[in-house]
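Within every chain, numbering begins at 1; the chains are lettered A, B, ... in the order of the sequence lines, protein sequences first and strands thereafter.
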There are 2 protein chains.
Amino acid sequence: MKNRLKVLRAERNWTQNDLAQALSVSRQTINAIETGKFDPSLPLAFKIAKVFQCTIEDVFSDD
Amino acid sequence: MKNRLKVLRAERNWTQNDLAQALSVSRQTINAIETGKFDPSLPLAFKIAKVFQCTIEDVFSDD
DNA sequence: TCATAATGTAAAATACACTTTACCATAGTA
DNA sequence: TACTATGGTAAAGTGTATTTTACATTATGA
């Protein structure tokens, strides 16, 4: 799975910490997702799409 | 998270086992998702949307 | 009625998602 | 120089997703 978190974050000038707080997760979770260490759970993926006001498919893609 | 797996499956006349095999997961995984015991991983959610030829948002929803 | 298909469920094991704490590197700024 | 912000990473712990095996229940069909 690929994701566009870093770009979407940059477009909004958000730090990893900003995003983490908006999602109520730790900064390490954001970092791990961005650096491809693991994929978020489905509920977290929904939250991520919501804060970026787009669909899950806009953020994540099947490799 | 809610999901429409059971309905989508019924529309196609697929058993839980049919779907499990199409996704290369166990039948128990399909059953557990349908009965709300847990949510699929994000990669599996993508696979599910793909076999039903729709988006993740068409299959799953928050709440 | 009997046999079988489909579904629900449970326990133990493994893999993965996520947290907390903590440290290191880099870049920018006082 | 020293300080601060940002990002990368690591270890240990907790919780969840998924597998395998196995058994029970319900529906269906011969």
**Report entry** Heavy-atom side-chain proximity of A:Ile48 to A:Phe60 below 4.5 angstrom
**Finding:** yes
Query - For A:Phe46 against B:Asp62, the heavy-atom pair lying closest together - result: CB-OD2, 3.8 Å
Requested in this report: Round to a whole Å and report the spacing from CD of B:Gln21 to P of C:dA5.
Outcome: 13 Å
**Report entry** Passing candidate, side-chain hydrogen bond (donor to acceptor under 3.5 Å, both in side chains) with B:Glu34, options B:Lys6, B:Arg4, B:Arg9
**Finding:** B:Arg9
Report task. Between protein and nucleotides 10-25 of chain D, map the contacts as a letter string: B base, S sugar-phosphate only, - none, heavy atoms under 4.0 Å, written 5' to 3'. Result -> B------SBBBBB---
Query raised in the report: Can you find a side chain N or O atom of B:Lys6 that sits less than 4.0 Å from OP1 or OP2 on C:dG8?
Result: yes
Query raised in the report: Taking side chain as C-beta onward, heavy atoms only, is B:Phe52 less than 4.5 Å from B:Leu5?
Result: yes
Query raised in the report: Can you find a side chain N or O atom of A:Asn31 that sits less than 4.0 Å from OP1 or OP2 on D:dG8?
Result: yes
Query raised in the report: For A:Glu11, does the CD atom sit with more than 12 other heavy atoms under 6.0 Å from it, leaving out its own atoms?
Result: yes
Requested in this report: Give a yes or no on whether the backbone of B:Ile33 and the side-chain of B:Asn3 come within a donor-acceptor separation of less than 3.5 Å.
Outcome: yes
Requested in this report: Could you tell me whether the side chain of B:Ile56 reaches within less than 4.5 Å of the side chain of B:Leu42, counting heavy atoms only?
Outcome: yes
Query - Atom pair distance, as rounded to whole Å: CG in A:Leu19 and P in C:dC18 - result: 13 Å
**Report entry** Near-strand residues of residues 10-18 of chain A, defined as heavy-atom separation under 4.0 angstrom from DNA chain D
**Finding:** A:Thr15, A:Gln16
Report task. Output yes when a side-chain donor or acceptor of B:Asp18 lies under 3.5 Å from a complementary backbone atom of B:Thr15, and no otherwise. Result -> yes
